[in-house]
Amino acid sequence: MSTDNNNIVSAPKHGAPVSAADAGSVMPVPKDSQNKISFQIHLRKIPLLANLSEDEMRQVMTDLRIRTYAKRDVVLQKGASGDSLLFLLSGQLQVIDVTEDGRAIGLRMLAPGDFFGEIAVINGSTRSASVVALSPVMVALLPRNTALHLFSHSPSVANHMLRFLAEKVQRDSQFRALLSIHNTAKRIYTFLELLKEKKDGDVEVVENLPTHQDIANMINTSRETVTRTLLTLVQQGIIEKGTHRLIILDPAALQKLAQT
């Protein structure tokens, strides 16, 4: 098993060397009882943990616990105790909230290397949202006390967390503005604008594209509307759509649609 993005999880090859830089951060995981495959967790490929000291990394490796979940399993339940900081090692997760009338609203997507559950850990509060697996996933859990020690004693972790929280506030503000857009098609265009990222050669892409139903849940529309709108963009030559990836062929045209 391996991740699509950061290769945080790998199946070790017999006799394969581990570099000195990685030796203190590669965590072996016992064989999976069903697949009979052992795994290694490359902790320094997790951005929040990348610059830990060797002593800090040893403590993390001692305290970290690994869990696997099937597609559509609830990884975190809103209202549950915030007793650990979680890291997504492989697969894809969606953070959701449930409205008073029972509708599931997607808040954001998580990819390998992302951490979550930080607010409840910092505040000592209950979980403010649920997290659902969109595919089979592997998750690492770090106990709250260990996480809080890193937040207060590791400059690299503290700096990363501050940047993350600032970006999260900005992203949440943008998402609230998106949901206030009355025109459904424009809401979809704006959603793609928020998800896009630049790759080498200034190519703009949306990686790990959510399913049409998941997009619909996140922006409060129907799956059919999402499908129809994306198909129109493909026909107009504005985007090229793969199974889990979207390439924006004409960024200026998409931006214009989102702004008009």
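The chain is numbered in sequence order, starting from 1.
Applying the side chain to side chain contact (heavy atoms under 4.5 Å, CB included) test between V137 and each of V131, D73, T68, L88 identifies L88 as the sole match. Among V95, L134, V139, the single residue meeting the side chain to side chain contact (heavy atoms under 4.5 Å, CB included) criterion with L110 is V95. Shown are T221, T225, V226; of these, the side chain to side chain contact (heavy atoms under 4.5 Å, CB included) with I215 is made only by V226.
Side-chain contact between L230 and L192 is present, with at least one heavy-atom pair separated by less than 4.5 Å. In this structure the side chain of E193 reaches within 4.5 angstrom of the side chain of L254, judged on heavy atoms. Contact of the T232 side chain with the I238 side chain is not registered, since no non-hydrogen atoms from C-beta on lie closer than 4.5 Å. Here the side chains of Q77 and S130 are in contact, with some heavy-atom distance below 4.5 Å. Residues M218 and I96 have side chains not in contact (no heavy-atom distance under 4.5 Å, counting atoms from C-beta outward). Side chains of R108 and F175 form no contact here, defined as non-hydrogen atoms less than 4.5 Å apart. Residues R245 and L209 have side chains not in contact (no heavy-atom distance under 4.5 Å, counting atoms from C-beta outward).
Looking at D172, its side chain never comes within 3.5 Å of a backbone N or O of V169 through a donor-acceptor pair. No donor-acceptor pair under 3.5 Å is formed between the side chain of R127 and the backbone N or O of L76. Looking only at distances, no side-chain donor or acceptor of R67 sits under 3.5 Å from a matching main-chain atom of V75. T190 places a side-chain N or O within 3.5 Å of a backbone atom of K186 that can act as its donor or acceptor partner. In terms of modelled atom types and a separation under 3.5 Å, the side chain of R223 and the main chain of A216 share no donor-acceptor contact. Distance alone, capped at 3.5 Å, is enough to place a donor-acceptor pair between the S135 side chain and the Q92 backbone.
Following chains of ILVMFWY side-chain contacts shorter than 4.5 Å, one cannot reach L162 starting from L52, and the two form parts of different hydrophobic clusters. Neither F191 nor L231 shares a network with the other; the hydrophobic side chains, linked directly or stepwise wherever heavy atoms of I, L, V, M, F, W or Y lie under 4.5 Å apart, form separate groups for each. One hydrophobic cluster, built from ILVMFWY side chains closer than 4.5 Å, cannot hold both I181 and L257; they sit in different ones.
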* Verdict with supporting geometry, L233 and I188, side-chain contact (heavy atoms from CB on, under 4.5 Å) -> CA-CA 11 Å; L233 291 175; I188 295 170; 5.5 Å; no
* **side-chain contact (heavy atoms from CB on, under 4.5 Å) between V9 and I41, intermediate numbers included** => CA-CA 5 Å; V9 182; I41 312 298; 3.8 Å; yes
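The number of heavy atoms from other shown groups lying within 6.0 Å of NZ (K256) does not exceed 12. No more than 12 heavy atoms of other residues, nucleotides or ligands sit less than 6.0 Å from atom CG of N51. The environment of K71 atom NZ is sparse: at most 12 non-hydrogen atoms of other residues, nucleotides or ligands sit within 6.0 angstrom.
The other residues sharing a hydrophobic cluster with L249 are V203, V205, I247, where clustering joins ILVMFWY side chains under 4.5 Å apart.
Note: L64 CG to F87 CZ = 7.0 Å, rounded to the nearest 0.5 Å.
Remark: F116 pairs with no residue by the ring-ring contact (aromatic ring centres under 6.0 Å, His included) rule, at least two apart or across chains.
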Throw together a table of side-chain donor-acceptor distances under 3.5 angstrom for residues 150-158, partners on residues two or more places apart or in other chains.
from : atom 1 : to   : atom 2 : distance (Å)
S152 : OG     : L148 : O      : 3.1
S152 : OG     : H149 : O      : 3.3
H153 : ND1    : H149 : O      : 3.1
H153 : ND1    : H149 : ND1    : 3.3
S154 : OG     : S156 : OG     : 3.2
S154 : OG     : V157 : N      : 3.4

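Under a 4.0 Å N-O distance rule, the pair E54/R44 qualifies as a salt bridge.
When every heavy atom of A120 is checked against every heavy atom of G82, the shortest pair comes out as CB-CA, 3.7 Å.
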